[in-house]
Amino acid sequence: MESAPETDDEAERIAKLQSYNVLDTMPEAVYDDIVNLATNLCDTPIALVSLIDKDRQWFKAKVGLDAPETPRDVAFCSHAIHQQNIFEINDSRLDDRFHDNPLVTGDPRVIFYAGAPLISPEGHKVGTLCVIDNEPRTLDPKQKDMLMRLSRQVAYILEQRIVSHQLDVVNQQLQTANDELSQFSYRASHDLKSPLISIRRLADFIRKDIGDQQYDEAIGNTKKVSNLASRLEDVVTNVLALHKATDTPDRSESFSTIELVQGVKEDLHWLFEDSGCQFKTDHVADFNMFHEKVRIQQIMENLVSNAVKYRDRSKETCQVEVKCQEKTDRIAIEVSDNGVGIEEKFHDDVMGMFKRFHSGLSEGSGLGLAIVKKHVDALQGSINFTSVPNSGTSFFVSLPKGLGGPP
Amino acid sequence: MRVPVLIVDDNEADRYLLSRQLAETELVGRIFEAQDGDEALSFFLEREHKAMEFPDDYPPKFVFLDINMPRLDGYEFLAEFDKIRGTNELESVVIMMFSSSEQLEDRKRAMAFDFVSDYFVKGQFSSEQLASRISRHI
């Protein structure tokens with residue numbers, strides 16, 4: 001017996017076959033119809049759609065045979081996928097390559113075999129459409145022609161699996177995006193509406209207080225109105241930032257880490273003045289990168305301002321530290337603080353939209369880390385954190401080194 | 001007789017607004033406040049301690065509960081409260097939702113708990129309406 005060698009394009013051929021996601025799937029009527037047509041056309045008891053996997057041939061469709069697969073080294077089809085046209089063995093008992101093949105000497109007694117290759121658009125032969133008989137035969141030219149045509153149909157249907165799989169993936173993504181959007185609009189409208197309602201109600205009470213000459217109460221209430229208005233501002237600003245983070249064209253530029261951190265310092269100087277927090281930048285290594293500065297700066301600013309917002313007011317000094325390091329192929333940014341930390345049970349939800357984990361400390365929009373996550377994703381980086389309640393939190397952002405480079 | 005209540009809301013202004021409206025009903029006495037569901041849950045779990053501290057006012061007759069809050073939100077609180085009601089002698093406590101959501105699903109989901117009696121949408125009820133709902137239970 002002579003086993004067929006691997007094809008010259010074996011690796012690509014197997015990759016193509018796997019991309020169909022067809023191996024070990026259930027029978028499908030469209031393939032069953034074709035093998036039925038083939039047995040009738042060639043007047044044979046057996047017809048198969050055989051796919052040549054690494055070590056086996058597996059039958060997507062079969063008539064007249066029970067086995068789901070056979071080893072590749074005894075398969076006639078392993079020979080057929082070396083041919084551009086029909087591979088025909090009229091009487092295997094007289095053929096040196098097959099006369100002692102267990103499929104010839106035992107069941108299913110393959111005496112006659114004709115296989116048409118299933119050729120992918122790239123030219124990889126992933127299997128065959130074949131017909132088998134237990135007695136010697138010869139196909140006439142018309143039968144050969146028809147069998148080739150049917151094999152092209154099978155190849156075409158296989159190829160469609162990729163398209164339909166891609167459609168499924170895109171559909172799934174759309175579904176997720178839709179769910180996210182409806183969740184988002186529910187929360188955004190709540191977070192916009194709720195302070196507005198309170199402001200309206202407070203205004204009613206302020207009028208009443210002034211009428212009753214309760215001026216202290218009225219002044220207290222105007223403060224509440226200001227707080228609520230700032231909260232609204234915060235929500236609106238962050239909703240816009242989130243939108244931009246999702247959908248902004250790449251604007252890479254060349255800049256140094258020192259410039260970057262300086263920008264963060266300037267943007268947030270009021271936050272440090274108001275809170276009395278220390279901002280440490282001793283471990284910012286000075287190096288240049290070609291990256292989307294706007295995104296990286298927003299990542300840092302969100303992390304730093306969170307660190308300040310959730311500082312531990314019971315501690316003598318509140319510290320926020322930024323570190324930047326250049327690794328072989330990554331840029332590592334760390335923002336750490338000695339703040340209140342995040343309880344472990346909330347760790348899974350930290351990056352979600354509208355998530356807040358501290359009551360009374362800060363009335364943020366709950367969007368800050370969702371914005372950070374969008375930026376990190378857009379930069380194809382990763383983010384993780386460690387946090388211990390009452391001890392502090394550290395966020396670690398890892399970004400690939402400059403995407404591309406200056407033109 | 002004026003009854004004690006607990007307001008659970010992360011927003012300080014909303015707690016203030018409701019306190020004022022409750023005061024206007026002249027049906028309410030001591031007002032406890034919690035900043036989120038987690039704090040409210042602790043408030044009920046520490047029953048023995050609180051009952052000693054406030055012998056006349058604990059447990060409160062009514063809980064006004066917001067939905068969207070950090071840590072434990074309104075729904076999560078309802079689920080937890082459901083579990084501890086029996087063991088902590090809280091069957092007499094009536095919960096009234098107090099939320100800015102007008103969504104029917106929110107209303108249905110909250111009212112599915114039999115100890116939730118009403119659903120108030122923030123800014124859409126008068127002190128008189130509040131008084132009439134409260135007096136049904138006292």
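Labels below follow one simple rule: chain letters A, B, ... track the order of the sequence lines, proteins then strands, and each chain is numbered from 1. Fair warning: this is a prediction, and the values are worked out from it, not measured in the lab.
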Please determine if B:Arg71 and A:Asp349 form a salt bridge, counting it only when a charged side-chain N lies under 4.0 Å from a carboxylate O.
no

Let me confirm one number: the [atom1]-[atom2] distance from [X] to [Y], rounded to the nearest 0.5 Å.
X: A:Ser198; Y: B:Glu12; atom1: OG; atom2: CD; answer: 11.0 Å
X: A:Phe205; Y: B:Glu24; atom1: CZ; atom2: CD; answer: 4.5 Å
X: A:Ser194; Y: B:Asn68; atom1: OG; atom2: CG; answer: 8.0 Å
X: B:Asn11; Y: A:Leu228; atom1: CG; atom2: CG; answer: 5.5 Å

Of all the residues in residues 47-54 of chain B, which have a heavy atom that comes within less than 4.5 Å of a heavy atom in chain A?
none

For chain A, which residues from residues 96-123 of chain B lie under 4.5 Å away (heavy-atom distances)?
B:Ser100, B:Ser101, B:Glu102, B:Gln103, B:Asp106, B:Lys122, B:Gly123

Under a 4.5 Å heavy-atom cut-off, does chain B meet the side chain of [X], its backbone, both or neither?
X: A:Asn221; value: side chain
X: A:Arg201; value: both
X: A:Lys223; value: neither

More than 12 heavy atoms of other residues, nucleotides or ligands under 6.0 Å from [atom1] of [X]: yes or no?
X: A:Lys373; atom1: NZ; answer: no
X: B:Gln124; atom1: CD; answer: yes
X: A:Asn171; atom1: CG; answer: yes

Examine whether an atom of B:Asp38 lies under 4.5 Å from a heavy atom of chain A, and if so say whether it belongs to the side chain, the backbone or both; otherwise answer neither.
side chain

For A:Asp209 and B:Arg20: C-alpha separation, side-chain torsions, deciding distance, then whether salt bridge (Lys or Arg N to Asp or Glu O under 4.0 Å) applies.
CA-CA 12 Å; A:Asp209 292 338; B:Arg20 254 186 99 151; 2.6 Å; yes

